[in-house]
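Have a look at the structure below before the remarks.
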Amino acid sequence: MKIARQITIGAATFLTFAILSHMPAYAGSVSEIVSGMSAADKRSNYTGTFVLRKSDKMMTMHVVHGVDDRGVWESMESLNGEARKIVRHNNEVISIYPERKLVTVSKMGGKPGLHPILPENLEKLANYYTIDQLGDERIAGRETSVLNVQPKDAYRYGYKYWLDNETSVLLKCDLLDENGDIVEQMMYTSFNNQPEVPQSAFNIPDLSGFTSQSLDRNRGKQVNIGWRATNMPQGFMLTQSVIRGDVGNESLHLMYSDGLASVSVFIEATGEGSPHRLVGASRMGALNAFGKQLNGAQITVMGEVPEATVAAIAESMERTQ
Amino acid sequence: MNEDKEKISAWLDDAIEYNEVGSVDTEQEKRAFSTATRYQMIGDAIRGRVTEASMIDISASVREAVSREPEFVPVTRPSRPIQRETKPFFDLGSWLRPVGGLAVAATVAMVMVVTLTDKQEGADSAVVANVGQQPVQALPVNNMTPVYARPGVAMPAVNLNSYVTEHSEYAAQDTIQGMMPYARSVSYGSEKNTSLKNTTKDTQAEKNLGR
């Protein structure tokens, strides 16, 4: 199976280059820029500081990103507000909250990150977004290429990307709502591309006395989803289904994505003494959520998409058995 | 030897108990088992499967174990852009370091991620196509209508901490935006109570539910 997988990955890589090399010049340039943005995570070493603005909140974070023979390492540390540090190694994430003496550990599934870089998926993106290259701008003292990504319908937000010309790292990102207003903005204020970064940035401090939470403490042999979305905005596809929570108190987490936007659907049984559940719409910055109850189950849908999208998905959920 | 590996792997996956591992036959497997035991201990400590008091004790043991741990040297070693420094206490790198062919990842409590791809061997490259086969009826493009009107009635705040965190971290796997979802995750987590205010203007949702 391992050999078959390697052959499959090899074939996908070959196809990627083969198809990209035969794309029209304009489409190829945009495609390559988009592909480069995805690949930058796996080949770049840098340190930097960026600001993230959501609604009326702004936070500053220091980032160290490195790649070695064991994969991708990333450390993000908040410089204002509550102290928090995230250390990521590939798809394993440790979040440390020193003030709360809390550490969370999560390991995401082993799904290969092929979704965004397969050429057919880039072409699919073009079905739902118009992608234009706007020219060059300077961010954090570096030349960037600017991509404007506009949705073709009202079910998703628009994006504006500023990508470093040398590394393809995303140096600035605007998330635009259906009115074209910025609902979230990230921008590097300093960025240093380096041949090496210090591994000390990825060290985990002494966690004695910390309360730890595993965000993925469940396991099982088989998942029977039992639910489906009957009216899904075009382009959103089920990418993962996960059983979460403790035994006897499980909930289902379905993740849908169109390649840029992601929507989560959480389904759990409601019962006596259940905490207050979300019914109706809710919003925090770019994140919209919508909750409803159906057949003894609480359905909560959330994502960085318009309110109407999460509402439509929530309303379309139905049991299949 | 393969049987030894299977036993150790089964123990790491909690499929069998420690005492069911029994004896392992080769020196190499004994070393691997010993190392895996230490990694299991580290994983347990991190995941809170031990008491606070024992965690302190384990920390000391881990510190000692990690300091004795030989550097893992892969057969082929590509460029190493990350500068190796003095091995720190609770070095994540050591924690996650591969052990003699054993999947150390098995020591971490695995989330049960089931994609349709998992059911189809060798189909990794077709993740999107496969998972997209769930039957859904797509909504027509440019046919957007608001489902609910905007409210005025203030609803109680709902704590969605765990949902938001989980959404952010999973979203990172399904998008091309690199670290952006992780940055969002940090920002959401920085708000000690990730409470979303209900914005539904009227009780239309409840009416629809027949309440």
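Heavy-atom basis, side chains included; hydrogens, waters and symmetry copies ignored. In this text the structure is predicted, and so the values were computed from the model without any measurement. In what follows, chains carry the letters A, B, and so on, assigned in the order in which the sequence lines appear, proteins first and then strands, with residues in each chain numbered from 1.
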Under 4.5 Å to a heavy atom of chain B? For A/T300 that would be side chain
Cut-off 4.5 Å, heavy atoms of chain B, and the answer for A/V263 is backbone
Interatomic distance, OH@B/Y163 vs CG@A/L287, rounded to 0.5 Å, equals 13.5 Å
For A/F266 and B/H167, the nearest pair of non-hydrogen atoms, with its separation, is CZ-N, 4.3 Å
